[in-house]
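Numbering starts at 1 and runs along the sequence shown. Computation of the quantities below employed the complete heavy-atom set of this structure, encompassing side-chain atoms and omitting hydrogens, waters and symmetry-equivalent molecules.
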Amino acid sequence: MIRFYLALFLGKLSRITIKLLHRFLKTQGSDFPGKLAMQICPDFLQYVGKPETVIAITGTNGKTTSTNLLSDILEDCGYSVLSNRYGSNTKTGIATCLLCGVSLRNRPRKDAAVLEVDERSSLLIYPYVQPDWLICTNLTRDTITRNAHPYFIFDVINQAVPDKTVLVLNADDNISSRLKPENRHFFYAIGMQEDDRREPFNLVNDMRVCPHCLSPLQYRYVRYNHIGNAFCPVCGFHSPEPDFLIEKIDRRHGLMTAVFDGQEEAYPLLSNTIFNIYDETAIVAFLRRFGIPYKKVRDSLVSKHIVDSRLSVQKNGDISLISIMAKGGLPTSMSVVFDTIRSYPGSKEAVLMLEDCHVMAHSIENLCYLYDADFEFLTDPSITRLVIVGPHADDYRLRLLMAGMPEEKMHCLPDYAQIPAALERKKNQTIFFVYDLYYANLVKQIGDAILHQDTQEA
C-alpha cells in the first residue's frame with residue numbers, strides 16, 4: 001500500500017502542477033496524473049476509493065453528451081458528482097478522474113461517479129471499477145481500424161461487465177440490447193413516429209438477420225442502420241419491450257412525451273437530431289429508474305442544452321450557420337448527420353471538415369469508411385454547394401461523384417481560410433458545418449468571420 005499512497009500523492013501533485021502551468025489554457029481531458037499514478041502503482045484502479053454509487057456510460061455514439069447531461073442533472077438534484085466530463089475515457093483517464101475524487105487518505109469525497117468508458121477499455125476497467133449501473137447508448141459500426149465491428153465490441157463489453165451491474169439499454173438497438181442477458185435490465189425506446197421508415201435504408205445494416213435462427217429480420221420501424229424495432233417472422237425473436245417509452249416527439253414545440261410506470265410524462269426536447277434524442281431518452285430513463293422524481297428531472301432539463309462542441313447554431317440576419325460534429329471515419333455518425341442536412345427545410349450549403357487532425361500525422365490511409373457512409377444523402381437538390389476541406393478532400397470528392405453529386409456543386413479547398421470566400425451565402429440559406437471533434441474551435445472562428453463579414457457588408 002505504500003506504493004499506492006505514493007502514486008496517489010504524486011498524481012495529485014502532478015495535477016496541481018499542470019493547473020499552475022496551464023491555468024490560461026484548456027486542460028480538460030488530460031490523463032497525465034492517472035498515467036503517472038498507474039506507472040507507480042499498476043493496481044491503482046483497484047485500490048483508489050470509489051463513491052458509493054458508480055454509473056458507467058458506454059456506446060459507439062453519445063457517451064460524452066450523455067455523461068455531461070447526467071452529471072448536470074444529478075448535481076441539480078443535490079448529488080455531489082465525480083465525472084470525466086471531457087472524454088478521457090480510457091484506463092488512465094478513469095484513474096485521473098477517481099484520483100481527483102478522493103482525499104490523500106483515499107476517502108471518497110463525492111456521492112456518485114458518472115464515468116464515460118471507452119468500449120474497448122471495458123476489460124481493463126470494469127474488473128477494478130465495478131459499476132452499479134451501466135448505460136449503453138448503442139453499438140453501431142465505428143472506425144474499422146480501431147473497433148473492427150459492432151459484434152467484436154459487443155463481446156468485449158459482454159465479457160467485462162460484472163454480474164452485479166444493472167444495465168440500462170436501448171431496446172431499439174438489437175445488438176447492445178442483448179448485453180449480459182443474466183443481469184438485471186432496464187430498457188428504454190422511442191416508439192413509432194410519423195417520419196419513421198419501415199425498411200432499412202442505409203448502406204450499412206449490421207442486424208440484417210435473426211441472431212437465433214438467421215432468418216431475415218423485418219422492422220416495424222427503423223431510424224438509421226439497424227436502430228429500430230425488429231422482429232423475426234420465423235422464430236419470434238423481437239426487440240425487447242421498453243420499460244421507459246418515448247411515445248411522441250414534438251420537434252415544433254420542443255417536447256417529448258414519455259410513458260413510465262403507466263404514467264405520461266412530458267420533457268423538454270434538447271435537440272432535434274436523432275442521436276441526441278436517444279441520448280436524452282437514455283438519461284431521463286435512467287434518472288426515473290434511479291428514483292429521481294419526474295418534476296425534478298423535467299425542471300432540470302429546462303436549463304440544459306447539448307454542448308457547443310457537438311451542436312451549435314449561429315444566426316445573423318438572413319444567415320444561419322448550424323455546426324454539427326460527426327467524427328471522421330465513423331460512418332454511422334456521418335450518415336445520420338448527412339440525413340439531418342438533407343431533411344432540413346429550405347436551401348442549404350454544407351462544409352465538410354471530417355478529418356481528425358490528431359490522427360492524420362499517423363494515418364494509415366484506410367478510407368474504407370467512405371464507402372460505408374451514405375454520401376448519397378448529400379446529393380439532395382436542396383443542397384446547392386459542398387465545400388470540402390482536408391488532406392483527403394479529393395477522396396471525398398471521388399466518393400461524392402460515385403454517389404451522383406454533380407461536379408459543379410463541389411469545391412475542394414487546400415486551406416481552411418478559403419472557406420468563407422467559397423460559400424454562396426444566398427439570402428435565407430442555411431450553412432452547415434460538419435466537422436470532426438478537434439475542429440470545433442476552428443469552425444466557430446470561421447462561423448464568426450462569416451457572420452461578421454455579412455454584418456460589415458450590411
Side-chain angles (χ1 to χ4, degrees), residues 25-26 28-29 64-65 68 86-87 251 254 270-276 304-330 333-334 336-358 360 375 377-378 380 382-393 396-397 400 409-458:
L25 300 175
K26 292 183 178 179
Q28 296 100 320
T64 303
T65 297
N68 293 339
Y86 301 101
R251 288 180 169 88
L270 301 184
S271 170
N272 286 335
T273 61
I274 192 61
F275 273 166
N276 292 326
K304 301 297 179 286
H305 66 279
I306 302 301
V307 293
D308 290 342
S309 64
R310 265 58 182 172
L311 172 69
S312 67
V313 179
Q314 298 172 273
K315 192 168 184 177
N316 187 5
D318 294 327
I319 300 294
S320 296
L321 280 77
I322 300 177
S323 303
I324 309 178
M325 192 195 82
K327 293 180 182 178
L330 205 165
S333 176
M334 294 165 66
V336 170
V337 171
F338 295 164
D339 195 24
T340 299
I341 296 173
R342 174 180 66 169
S343 304
Y344 195 85
S347 176
K348 50 256 182 180
E349 300 179 80
V351 180
L352 304 185
M353 302 167 59
L354 283 169
E355 296 181 271
D356 185 344
C357 59
H358 286 241
M360 287 311 300
F375 282 86
F377 296 158
L378 295 177
D380 191 89
S382 65
I383 301 172
T384 63
R385 178 169 296 203
L386 270 178
V387 177
I388 311 164
V389 195
H392 289 305
Y396 279 78
R397 175 179 168 275
L400 282 157
K409 283 189 176 184
M410 292 185 287
H411 298 265
C412 296
L413 303 179
D415 188 350
Y416 297 101
Q418 298 176 1
I419 291 174
L423 294 167
E424 295 176 299
R425 291 181 293 164
K426 294 180 180 178
K427 186 176 181 180
N428 296 322
Q429 189 175 52
T430 302
I431 301 171
F432 280 90
F433 280 87
V434 186
Y435 62 95
D436 190 89
L437 173 63
Y438 299 104
Y439 286 121
N441 291 333
L442 179 59
V443 167
K444 188 177 187 309
Q445 292 172 14
I446 296 171
D448 289 342
I450 292 171
L451 295 177
H452 182 64
Q453 181 179 344
D454 286 322
T455 301
Q456 288 182 328
E457 291 174 354

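Residues Val351 and Leu423 are in side-chain contact: their nearest non-hydrogen atoms beyond the backbone lie under 4.5 Å apart. Side-chain contact check for Val336 versus Ile274: some heavy-atom pair is nearer than 4.5 Å. In this structure the side chain of Gln314 never reaches within 4.5 angstrom of the side chain of Ile450, judged on heavy atoms. The closest side-chain heavy-atom distance from Leu352 to Leu378 is below 4.5 Å. At a threshold of 4.5 Å between non-hydrogen side-chain atoms, the residues Met334 and Val337 do not count as touching. You'll find the side chain of Lys348 stays beyond 4.5 Å of the side chain of Ile322, heavy atoms only. Between Ile341 and Phe377 the shortest side-chain heavy-atom distance does not fall below 4.5 Å.
Judged purely by atom type and a 3.5 angstrom limit, Lys409 uses its side chain to pair as donor or acceptor with the backbone of Ile383. Distance alone, capped at 3.5 Å, is enough to place a donor-acceptor pair between the Arg251 side chain and the Asn272 backbone. Although no hydrogens or angles enter the test, the distance criterion places no donor-acceptor pair under 3.5 Å between the side chain of Arg385 and the main chain of His411.
Distance check: Ile388 CD1 to Met410 CE gives 6.0 Å after rounding to the nearest 0.5 Å.
Residues satisfying the side chain to side chain donor-acceptor pair (under 3.5 Å) test with Glu424, not counting sequence neighbours, are Thr384. Shown here are the ring-ring contact (aromatic ring centres under 6.0 Å, His included) partners of Tyr344, two or more places apart in sequence or in another chain: Phe432. For Asp415, the side-chain contact (heavy atoms from CB on, under 4.5 Å) criterion is met by Ala417, Gln418, not counting sequence neighbours. In this view, Phe275 and Tyr224 satisfy the ring-ring contact (aromatic ring centres under 6.0 Å, His included) rule, not counting sequence neighbours. Listed by chain and residue number, Lys315, Thr430 satisfy the side-chain contact (heavy atoms from CB on, under 4.5 Å) test with Ser320 (two or more places apart in sequence, or in another chain). Residues forming a side-chain contact (heavy atoms from CB on, under 4.5 Å) with Ser343 (at least two apart in sequence, or on another chain): Asp339. With sequence neighbours excluded, the residues satisfying salt bridge (charged side-chain N to carboxylate O under 4.0 Å, His left out) with Lys444 are Asp448.
Minimum interatomic distance between Asn276 and Ser271 (heavy atoms only, all atoms of both residues): ND2-OG, 3.2 Å. Between Gln429 and Glu349, the shortest heavy-atom contact is OE1-OE2, 2.9 Å. Of all heavy-atom pairs spanning Ser382 and Gly346, the tightest one is CB-O, 3.6 Å. Contact detail for Asp436 and Met325: the closest heavy-atom pair is C-CG, 4.2 Å. Between Val434 and Ala326, the closest heavy-atom pair is CG1-CB, 3.8 Å.
The aromatic rings of Phe375 and Tyr396 lie perpendicular to each other, with more than 60° between the two planes, well past the 30° mark.
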